[in-house]
Asker: 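Take a look at this one; I'll ask things after.
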Amino acid sequence: MPTPSHSPFDLLRSMTLSGLVQEEILRGIKSGELTVGSRLNESELSQRLGVSRSPLREAFRALEEAGLVRLEKNRGVFIRDLSDEEAAELYDLRSGLDEMVGRRLAPRITDAQLAELGELLTELETNAGRQGVNRYFELNVAFHDRMVEMTGNAALLGVYRQVVNRMHLLRRRGFTLAGSSAASHAEHRAILQALAARDADAAANALRQHALNGHRRALTAHRLEESGTPTAA
């Protein structure tokens, strides 16, 4: 007896549910609820999100392709860890994208957009430390993401977000390094100053250097953590 075929509506619904599952897992990674090595419980997710196993498994496959999870036969699905080599590749790509953002945005940024970015930085500097790591990352990501949005290049924004989603797996590296927050804040202000001057070269260089410095801080912190050396101030 032939297997009943699924209607286009069923396929669309499954794809939509899969997307929702992906967003929920990504939210967990961003918030720190899901950390490197965490096992994703298929049964628990299915019940909590109210979806069947089919869209759940589609979501897992998509997240594996995006480099966020690893599927182990007979063991389950786990949040991926990134090697130092993978981290270096991502930071290298990120620095190139950031440089492009600075060069494209500086000549076209408006006073209103500068004010918006300034407000984001003020909130990042004054509130993030009090509200913990999660709020720090939320505001930091929002600042950079908003700059990319302001370029008006949808393709650039899509690629940038794919890279940043993978970099969330590195989210705690570098944050615990003594002085890292102050250094990052100073770099953010240098970026904003270059944008305010409408200086494309300066903005591009400031954004690229910020990404490279972020990699250096993350690598240093990771090595200290592996050696058991305290990294916090």
Side-chain angles (χ1 to χ4, degrees), residues 30 82-110 113-126 128-129 133 135-153 155-225 231-233:
K30 289 179 179 179
L82 297 180
S83 66
D84 286 343
E85 291 75 17
E86 288 176 298
E89 290 174 354
L90 285 173
Y91 272 105
D92 187 42
L93 181 54
R94 167 79 180 269
S95 67
L97 292 173
D98 279 340
E99 182 177 0
M100 188 184 304
V101 169
R103 200 169 298 284
R104 183 177 176 85
L105 180 58
R108 62 188 291 163
I109 195 167
T110 66
Q113 289 173 331
L114 284 168
E116 180 184 346
L117 292 175
E119 290 172 2
L120 279 171
L121 281 191
T122 298
E123 187 177 2
L124 176 61
E125 293 164 354
T126 59
V133 175
R135 185 58 176 158
Y136 173 88
F137 278 99
E138 180 184 343
L139 292 170
N140 187 55
V141 169
F143 173 72
H144 285 280
D145 189 82
R146 187 68 185 106
M147 279 192 289
V148 186
E149 282 186 326
M150 288 175 179
T151 67
N153 188 320
L156 174 59
L157 181 61
V159 173
Y160 176 85
R161 285 177 173 170
Q162 288 180 346
V163 173
V164 169
N165 282 345
R166 289 192 67 192
M167 293 185 76
H168 284 305
L169 298 173
L170 306 166
R171 67 189 307 276
R172 295 186 183 276
R173 294 188 191 179
F175 181 72
T176 55
L177 191 65
S180 63
S181 294
S184 183
H185 292 331
E187 291 161 12
H188 285 153
R189 287 295 170 182
I191 292 167
L192 191 61
Q193 184 176 5
L195 290 173
R198 272 74 177 186
D199 188 330
D201 288 338
N205 290 336
L207 274 158
R208 179 176 179 82
Q209 194 58 50
H210 176 56
L212 295 175
N213 289 344
H215 179 214
R216 176 182 54 78
R217 287 189 287 266
L219 186 59
T220 300
H222 187 50
R223 288 175 176 171
L224 289 172
E225 288 164 2
T231 57

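In this text, all values refer to a predicted model and were calculated from it rather than measured experimentally. Both backbone and side-chain heavy atoms feed into the values below; hydrogens, waters and symmetry mates do not.
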Asker: Between the side chains of Glu138 and Lys30, is the shortest nitrogen-to-carboxylate-oxygen separation below 4.0 Å, so that they form an ion pair?
Answerer: no
Asker: I need the minimum non-hydrogen distance between Gly118 and Leu192, along with the two atoms involved.
Answerer: CA-CD2, 3.8 Å
Asker: Please report the closest heavy-atom contact between Tyr91 and Ala211, naming both atoms and the distance.
Answerer: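 In terms of heavy atoms, the two residues are closest at CD2-O, 3.5 Å.
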Asker: Which heavy atom of Arg108 sits nearest a heavy atom of Met150, and at what distance?
Answerer: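 In this case the closest contact between Arg108 and Met150 is NE-O, 4.0 Å.
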Asker: Considering non-hydrogen atoms only, spot the tightest contact between Phe143 and Leu120 and give its length.
Answerer: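 Shortest heavy-atom contact: CA-CD1, 4.0 Å.
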Asker: For the atom pair CZ (Arg103) and CG (Asp98), what is the distance rounded to the nearest 0.5 Å?
Answerer: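 The CZ atom of Arg103 sits 12.5 Å away from the CG atom of Asp98.
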Asker: Would His215 and His210 count as a close aromatic pair, with their ring centres under 6.0 Å?
Answerer: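 Ring centres of His210 and His215 not closer than 6.0 Å.
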Asker: Rounded at 0.5 Å granularity, tell me how far CG in Leu195 sits from CD in Gln113.
Answerer: 10.0 Å
Asker: Output the distance between atom CG (Leu207) and atom NE2 (His144), rounded to the nearest 0.5 Å.
Answerer: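 With rounding to 0.5 Å, CG (Leu207) is 7.0 Å from NE2 (His144).
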Asker: Kindly compute the distance separating CD (Glu149) from CG (Leu157), expressed to the nearest 0.5 Å.
Answerer: 5.5 Å
Asker: Between Gln209 (side chain) and Ala206 (backbone), is there a donor-acceptor pair under 3.5 Å?
Answerer: no
Asker: Indicate yes or no for a side-chain donor-acceptor contact from Glu119 to the backbone of Glu116 under 3.5 Å, with no hydrogens or angles considered.
Answerer: no
Asker: Measure the spacing between CG of Leu121 and CG of Leu139 and express it to the nearest 0.5 Å.
Answerer: 10.0 Å
Asker: Distance-only, no hydrogens or angles: does the Asn205 side chain make a donor-acceptor pair with backbone N or O of Asp201 under 3.5 Å?
Answerer: yes
Asker: For the residue pair Asn153 and Ala155, what are the closest heavy atoms and their distance?
Answerer: OD1-N, 3.1 Å
Asker: I need the Leu117 CG to Ile191 CD1 distance, nearest 0.5 Å.
Answerer: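 Result: 10.0 Å between the selected atoms.
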Asker: Is a side-chain N or O of Arg198 found less than 3.5 angstrom from the main chain of Ala196, in a donor-acceptor match?
Answerer: yes
Asker: Any salt bridge linking Arg94 with Glu89? Criterion: basic side-chain nitrogen under 4.0 Å from a carboxylate oxygen.
Answerer: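 No, this pair does not count.
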Asker: How close do Leu90 and Leu82 get, heavy atom to heavy atom, and via which atoms?
Answerer: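 Result for this residue pair: CD1-CD1, 3.6 Å.
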Asker: Without swapping roles, check the side chain of Thr220 against the backbone of Arg217 for a donor-acceptor pair under 3.5 Å.
Answerer: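 No; zero donor-acceptor contacts below 3.5 Å.
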